[in-house]
Amino acid sequence: MNAPTRKIIFLASGLAIAGSFIAFAATGMHPYTRFRDKDIEAVNAESDLSDLFAETGSQPPPEQVESVNAIGFLPSGPGLASLSVVTVSGPALLVMGILFWHTRRTSRKVDAAPPEASAAV
Amino acid sequence: MKLMPILAIVSLGASLALAEQSSSTFAQKSADGKSLVVPQAHSSKGTVYYAITDRDRQIYFESDAPLEDIKGQSNDVVGYAVVSSGNTGAIVAGEWHLPVDSMKTGIELRDEHLASSAWLDAASYPDVVVQVREIKSLKETKRTAAFSSSTMTLVVDLTLHGETKTISIPDSSVILMKASDATSKVAKGDLMAIRTKFTVTLADFGVTHPVIGEKVAKEVSLDVALYLSTLPPNQQ
């Protein structure tokens with residue numbers, strides 16, 4: 001593997017790691033990846049009854065479950081739900097580690113080679 | 001072929017569990033599934049209010065565990081409450097069914113886990129059932145021409161995961177609202193709101209799992225807002 005290819009892979013892996021953390025932070029740092037849910041949104045949109053009874057001074061309505069798109073730290077299922085910080089950064093870190101190890105190994109071989117062989121390389 | 005006897009036993013077990021839940025003293029669901037058939041013994045005690053389902057959020061639950069905070073909700077509760085004829089807000093009978101598979105947490109896979117046999121086992125115990133046993137400490141807090149409100153301790157039988165426990169829920173509030181132009185724009189009939197909060201200890205209902213105490217709290221808190229009408233669901 002030549003040096004430019006290594007650099008491109010290293011850069012792409014770094015971007016994937018950074019991207020996953022940025023997406024995680026930007027979407028609310030949810031522990032699990034989640035997506036908007038039409039059923040939850042439909043329930044959350046209904047407030048006629050609670051509004052009517054609010055006029056009597058009754059307790060506020062119960063809290064509601066969020067319906068958001070968010071890249072979580074961990075995946076929450078197959079398909080798109082498998083996208084997460086761990087599932088994106090993990091393989092990217094592994095690729096970077098293998099690349100680093102491969103580069104070191106190659107440079108050691110070059111250093112250890114006799115002067116003629118080294119020159120040939 | 002060897003699987004056939006095993007499948008038969010599993011199927012028989014599931015049927016027996018279902019029969020156990022449905023043949024108990026629970027009210028049957030109406031044909032359209034949007035209400036319960038009110039037993040004569042209950043309807044004769046006073047005014048029947050039917051739960052208004054598929055509208056506002058009725059149940060919100062939260063499990064606040066060290067590793068995870070799970071929040072869920074449902075608006076699929078069906079049931080009824082019978083209020084004494086004096087219309088003081090005294091609930092003399094009532095029963096509500098919350099379908100387990102209607103509880104949504106915002107993560108599909110988690111909802112599936114919640115309904116699975118490892119947790120609430122919706123296949124064997126499709127509903128969480130609440131039946132009113134009695135009320136205590138009834139106190140009228142406000143009365144106007146439009147509505148009356150009261151607080152009370154609700155004593156109910158809660159059936160979850162096939163286990164029934166009697167629990168007392170203090171500071172429950174009931175508001176009764178007479179039908180008017182304002183209310184008819186929202187729902188027809190005289191209306192009623194029941195607001196209450198309580199906690200459920202999962203182990204008390206036979207729900208055990210290695211992650212309870214870590215990812216799922218031992219106690220789950222519930223916030224209930226039931227809205228009911230004197231008209232059955234198909235006329236609300």
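Remember, predicted model here, so these are calculated numbers, not experimental data. Lettering follows sequence order; numbering is per chain, from 1.
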J.: For A/Thr56 and B/Lys142, run side-chain contact (heavy atoms from CB on, under 4.5 Å): C-alpha distance rounded to whole Å, both residues' side-chain angles, the deciding distance at 0.1 Å, then the answer.
T.: CA-CA 9 Å; A/Thr56 65; B/Lys142 199 169 183 181; over 6 Å; no
J.: Would you say CG of B/Asp181 has more than 12 non-hydrogen atoms from neighbouring residues, nucleotides or ligands within 6.0 angstrom?
T.: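 Not more than 12 within 6.0 Å, no.
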J.: So which part of A/Ser67 gets closer than 4.5 Å to some heavy atom of chain B, the side chain, the backbone, both or neither?
T.: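 No part of A/Ser67 comes within 4.5 Å of chain B.
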J.: Test your reading of the model: is there a side-chain donor-acceptor pair from B/Asp56 to the backbone of A/Ser50, 3.5 Å cut-off?
T.: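 Answer holds: yes.
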J.: Is the backbone of A/Asp48 close enough, under 3.5 Å, to the side chain of B/Arg55 for a donor and an acceptor to pair up by distance?
T.: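 Checked: no pair found.
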J.: Heavy-atom distances under 4.5 Å only: say whether B/Ala187 touches chain A with side chain, backbone, both or neither.
T.: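 For B/Ala187, the contact with chain A is made by the side chain alone.
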J.: Who wins among A/Asp39, A/Asp51, A/Leu52 for the most heavy-atom pairs under 4.5 Å with chain B?
T.: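 Among A/Asp39, A/Asp51, A/Leu52, the one with the most close pairs to chain B is A/Leu52.
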J.: If we define contacts as heavy-atom pairs under 4.5 Å, which of B/Glu68, B/Lys104, B/Glu108 has the most with chain A?
T.: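 Sorted descending by pairs with chain A, the first entry is B/Glu68.
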J.: Around atom NE2 of B/His209, are there more than 12 heavy atoms of other residues, nucleotides or ligands at under 6.0 Å?
T.: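 Enclosed.
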J.: Can you tell me which portion of B/Ile52 sits under 4.5 Å from chain A's heavy atoms? Options are side chain, backbone, both or neither.
T.: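 Side chain only.
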J.: Examine whether an atom of A/Pro60 lies under 4.5 Å from a heavy atom of chain B, and if so say whether it belongs to the side chain, the backbone or both; otherwise answer neither.
T.: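 It is the backbone, since no side chain atom gets that close.
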J.: For a 4.5 angstrom cut-off between non-hydrogen side-chain atoms, does A/Ser76 reach B/Ile107?
T.: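 They are in side-chain contact.
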J.: Check whether more than 12 heavy atoms from other residues, nucleotides or ligands sit under 6.0 Å from atom CG of A/Asn69, and answer yes or no.
T.: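 Yes, enclosed.
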J.: Atom CG of B/Asp223 and atom CD of A/Gln59: how far apart are they, to the nearest 0.5 Å?
T.: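 Separation between the atoms: 7.0 Å.
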J.: Give, as side chain, backbone, both or neither, the part of B/Gln73 having an atom under 4.5 angstrom from any heavy atom of chain A.
T.: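 Its backbone and side chain both get close to chain A.
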J.: A side-chain contact here means heavy atoms from C-beta on lying under 4.5 Å apart; do B/Thr105 and A/Val65 qualify?
T.: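 The answer is no, as the side chains (C-beta and beyond) never meet within the 4.5 Å cut-off.
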J.: Taking the side chain as every heavy atom from C-beta outward, state whether A/Gln64 and B/Lys71 have any pair of such atoms under 4.5 Å apart.
T.: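 No. Closest side-chain heavy atoms not under 4.5 Å.
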J.: Are any non-hydrogen side-chain atoms of B/Leu191 and A/Phe53 less than 4.5 angstrom apart?
T.: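 A side-chain contact under 4.5 Å exists here.
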J.: Using heavy-atom distances under 4.5 Å, tell me whether B/Thr144 contacts chain A through its side chain, its backbone, both, or neither.
T.: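 Neither the backbone nor the side chain of B/Thr144 comes within 4.5 Å of chain A.
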J.: Quick one, B/Arg110 with A/Arg34, criterion side-chain contact (heavy atoms from CB on, under 4.5 Å). Give me CA distance, side-chain angles, the key distance, then yes/no.
T.: CA-CA 11 Å; B/Arg110 187 159 60 193; A/Arg34 57 194 299 154; 4.3 Å; yes
J.: Where is the tightest heavy-atom contact between A/Glu63 and B/Tyr60, given as atom of each residue plus distance?
T.: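 Closest pair (atom of A/Glu63, atom of B/Tyr60, distance): O-CD1, 3.0 Å.
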J.: Does atom NZ of B/Lys218 have more than 12 heavy-atom neighbours from other groups under 6.0 Å away?
T.: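 No, because the 6.0 Å sphere around NZ of B/Lys218 holds 12 heavy atoms or fewer from other groups.
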J.: Quick check for you: among A/Leu49, A/Asp37, A/Val68, which has the greatest number of heavy-atom pairs under 4.5 Å with chain B?
T.: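 It is A/Leu49.
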J.: Tell me, for B/Lys185 versus chain A, whether the close heavy atoms (under 4.5 Å) come from the side chain, the backbone, both or neither.
T.: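 Contact with chain A involves no heavy atom of B/Lys185 at all.
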J.: Tell me whether B/Arg57 contacts the main-chain N or O of A/Ile40 through its side chain, where contact means a donor paired with an acceptor under 3.5 Å.
T.: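 Such a contact is absent between B/Arg57 side chain and A/Ile40 backbone.
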J.: With rounding to the nearest 0.5 angstrom, report the CD to CD distance, B/Gln58 to A/Glu46.
T.: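 One gets 11.0 Å once the value is rounded to the nearest 0.5 Å.
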